[in-house]
Amino acid sequence: QVQLVESGGGLVQAGGSLRLSCAASGRTFGTYAMGWFRQAPGKERDFVAAIKWSSGSTYYPDAVKGRFTISRDYAKNTMYLEMNSLKPEDTAVYYCAARRAQVLLTTTRAYDYWGQGTQVTVSS
């Protein structure tokens, strides 16, 4: 059973930084892709970043490109999201997700496993 556990959320001022972690367990993830999504109150869950576990190839939407960096520690089975230059509009619950294929996709339906989420609040 795959389990994903996020941590690292919190309150930060605009312009600040946070690093989220996602600890993955239950299997080896060499053939998986992993991603981060976020959901603000009353809005849909949006794609933030994705990474191929084996190669480390990444993909970002324009909204976060250049500010957010996704990475993974292969040995620790942990994925990270480094968030810099945070804006109030980045406020949301952030979720990590895993899919049983390495193609990097941006839709929630493409992912098979989800964490419980961690709150990120950016004050102006």
Side-chain angles (χ1 to χ4, degrees):
Q1 181 73 10
V2 171
Q3 288 191 319
L4 305 172
V5 180
E6 302 97 334
S7 61
L11 173 64
V12 63
Q13 289 188 333
S17 299
L18 277 177
R19 188 177 81 156
L20 306 183
S21 300
C22 174
S25 62
R27 62 151 294 143
T28 56
F29 294 93
T31 60
Y32 277 48
M34 310 283 282
W36 288 97
F37 288 76
R38 64 186 181 186
Q39 189 167 21
K43 295 189 176 181
E44 294 185 350
R45 193 169 295 189
D46 292 331
F47 170 72
V48 174
I51 188 167
K52 292 185 180 180
W53 196 259
S54 58
S55 69
S57 298
T58 60
Y59 181 72
Y60 305 91
D62 289 343
V64 306
K65 194 176 296 182
R67 299 190 298 124
F68 291 9
T69 303
I70 188 172
S71 63
R72 89 283 187 248
D73 185 319
Y74 204 96
K76 294 182 178 179
N77 262 12
T78 300
M79 179 175 65
Y80 303 97
L81 184 68
E82 184 76 33
M83 304 185 293
N84 298 313
S85 302
L86 283 162
K87 305 175 183 179
E89 52 263 44
D90 294 318
T91 295
V93 177
Y94 282 70
Y95 298 90
C96 69
R99 67 184 304 266
R100 296 186 296 261
Q102 294 200 61
V103 176
L104 298 182
L105 298 180
T106 65
T107 60
T108 56
R109 72 179 70 179
Y111 289 77
D112 304 294
Y113 305 98
W114 292 86
Q116 83 288 352
T118 186
Q119 177 71 46
V120 172
T121 303
V122 184
S123 63
S124 58

Please determine whether residues [X] and [Y] belong to a single hydrophobic cluster, defined as Ile, Leu, Val, Met, Phe, Trp and Tyr linked transitively by side-chain heavy-atom distances below 4.5 Å.
X	Y	result
V122	F37	no
L105	Y113	no
W53	F47	no
W36	V64	yes
V120	V5	no

Point-to-point distance, once rounded to the nearest 0.5 Å, from [atom1] of [X] to [atom2] of [Y]:
X	Y	atom1	atom2	value
M83	T69	CE	OG1	11.0 Å
R67	N84	CZ	CG	9.0 Å
Y74	T28	OH	OG1	7.0 Å
Y111	M34	OH	CE	9.5 Å
S124	Q13	OG	CD	9.5 Å
L81	Y94	CG	OH	7.5 Å

Determine whether a donor-acceptor pair (N or O, by modelled atom type, separation under 3.5 Å) exists between the side chain of [X] and the backbone of [Y].
X	Y	answer
T118	S7	no
Y60	I70	yes
E6	Q116	yes
R100	T31	no

Applying side chain to side chain contact (heavy atoms under 4.5 Å, CB included) to Q39 and T108, what does each step give before you reach the verdict? CA-CA 11 Å; Q39 189 167 21; T108 56; over 6 Å; no
Charged N to carboxylate O under 4.0 angstrom, K65 versus D62? yes
Atom of [X], atom of [Y] and distance for their closest heavy-atom approach:
X	Y	result
A92	A40	CB-N, 3.8 Å
R27	V2	CG-CG2, 3.7 Å
L4	C96	CB-SG, 3.5 Å
S57	L104	O-CD1, 3.7 Å
T106	Y59	CG2-CE2, 3.6 Å
L86	V12	CD1-CG1, 3.6 Å

Would you indicate whether the side-chain heavy atoms of T91 and Q119 approach each other to under 4.5 Å? yes
Do the side chains of I51 and M79 get nearer than 4.5 Å, heavy atoms only? yes
Should the heavy atoms of other residues, nucleotides or ligands under 6.0 Å from NZ of K76 be counted, would the total exceed 12? no
What verdict does the side chain to side chain contact (heavy atoms under 4.5 Å, CB included) test give for R72 and F29, after you've listed the backbone C-alpha separation in whole Å, the side-chain angles of each residue and the deciding distance to 0.1 Å? CA-CA 11 Å; R72 89 283 187 248; F29 294 93; over 6 Å; no
